[in-house]
Amino acid sequence: MAPTTLTVDQVHARLHELTVIDVRTPGEYASGHLPGAHNIPLDHLDAALSALKAAADRGDLLVVCASGARSGTACARLVEEGINAATLTGGTAAWTELGHDTHRAATTRPVWGMERQVRLAAGSLVLTGLLAGQRWSAARWLSAGVAGGLAFSALTDTCGMAAVLARLPHNRPEADDLRATLAAVAG
C-alpha cells in the first residue's frame, strides 16, 4: 500500500465522502482549512493512529497541509502503520488558488503560517548574527548555521526550524481540542 495523491478537482468532487485531516499547526488551521477538516498536527500523528485507523476503515482518508509536504510525510507514516491515506496535491494553497471555499475559526486571532514564521525566525537570526558579528566575530557563526540549515532544508524538503517553531504555545493544540478531534475522527 502506497500513499496516493489527489488533485484539487478530484477532492472537490468527493469532499463529502472523505475524512479530511489537516496536519498543520492549530494557528494555520484556524486561518483557513478545507470544509469539514479535522486538525491533527503532524507532531501529534502517532497519538492519533488508532482514531485515524478507525476513520480509514470507514472510508477514504485525505491528509492535507499548506503545500503537500507535511501531508506527504504524514501519509508515508500512516502507510507504515497499514493505514491507507491520500494527500492533496499542492495542499490548501492549491485549493484556495482555484477559488474553493475554506472555513476559518471566527473567534481565533490570525496566526502566521509556518513558512512565514520560519522566514521571520531565520531572517532575525541571520541579522542578529551579522550585527553581533560586528563586535564579536564568532557571532557570525550564527548566520552561517542558519544559512546551512536553510540549504539543508531545501535539499531534503524538511525543516528543523519549523519543527522547533511548531512547539511554541500558539502553534500547539489545546489538549481538550485534540481529544475532541480524535473522538470525532474515531467515530
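This one's a predicted model, so the numbers in the text were calculated from it and none came from an experiment. For this chain, numbers begin at 1 and follow the sequence in order.
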Would [X] and [Y] show up in the same hydrophobic cluster when neighbours are defined by side-chain heavy atoms closer than 4.5 Å?
X	Y	result
Val118	Leu127	no
Phe152	Val164	no
Leu45	Leu62	no
Val63	Leu182	yes
Leu125	Leu168	yes

Return yes if some donor-acceptor pair links the side-chain N/O of [X] with the main-chain N/O of [Y] below 3.5 Å, else return no.
X	Y	answer
Ser153	Gly149	no
Arg140	Leu130	no
Ser143	Val126	yes
Trp95	Asp101	yes

Can you check whether [X] reaches [Y] side chain to side chain, under 4.5 Å on heavy atoms?
X	Y	answer
Leu78	Leu52	yes
Leu88	Val20	no
Arg77	Leu42	no
Pro41	Thr25	no
Met114	Glu28	yes

Where do [X] and [Y] come nearest, in terms of heavy atoms and distance?
X	Y	result
Val185	Ile40	CG2-CD1, 4.3 Å
Met161	Ala121	SD-CB, 3.6 Å
Asn39	Asp22	ND2-O, 3.1 Å
Cys65	Arg70	SG-N, 3.4 Å
Ala186	Ala54	O-CB, 3.7 Å
Ala55	Leu61	CB-CD1, 4.2 Å

Show every donor-acceptor pair shorter than 3.5 Å between a side-chain atom in residues 6-13 and any protein atom, with sequence neighbours excluded, or say none if there are none.
from	atom 1	to	atom 2	distance (Å)
Thr7	OG1	Gln10	N	3.2
Thr7	OG1	Gln10	OE1	3.3
Gln10	OE1	Thr7	N	2.7
His12	NE2	His100	ND1	3.3

When rounded to the nearest 0.5 angstrom, what distance separates OH in Tyr29 from NE2 in His103?
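Nearest 0.5 Å value for the OH-NE2 distance: 9.5 Å.
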Say you draw a straight line from NE2 of His33 to OG1 of Thr96; how long is it, rounded to the nearest 0.5 Å?
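It comes to 13.0 Å.
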Criterion side chain to side chain contact (heavy atoms under 4.5 Å, CB included) on Thr102 and Thr92, from CA distance to verdict:
CA-CA 9 Å; Thr102 58; Thr92 55; 5.7 Å; no
Can you name the salt bridge (charged side-chain N to carboxylate O under 4.0 Å, His left out) partners of Arg14, sequence neighbours left out?
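Only Glu17, Asp60 meet the salt bridge (charged side-chain N to carboxylate O under 4.0 Å, His left out) criterion with Arg14.
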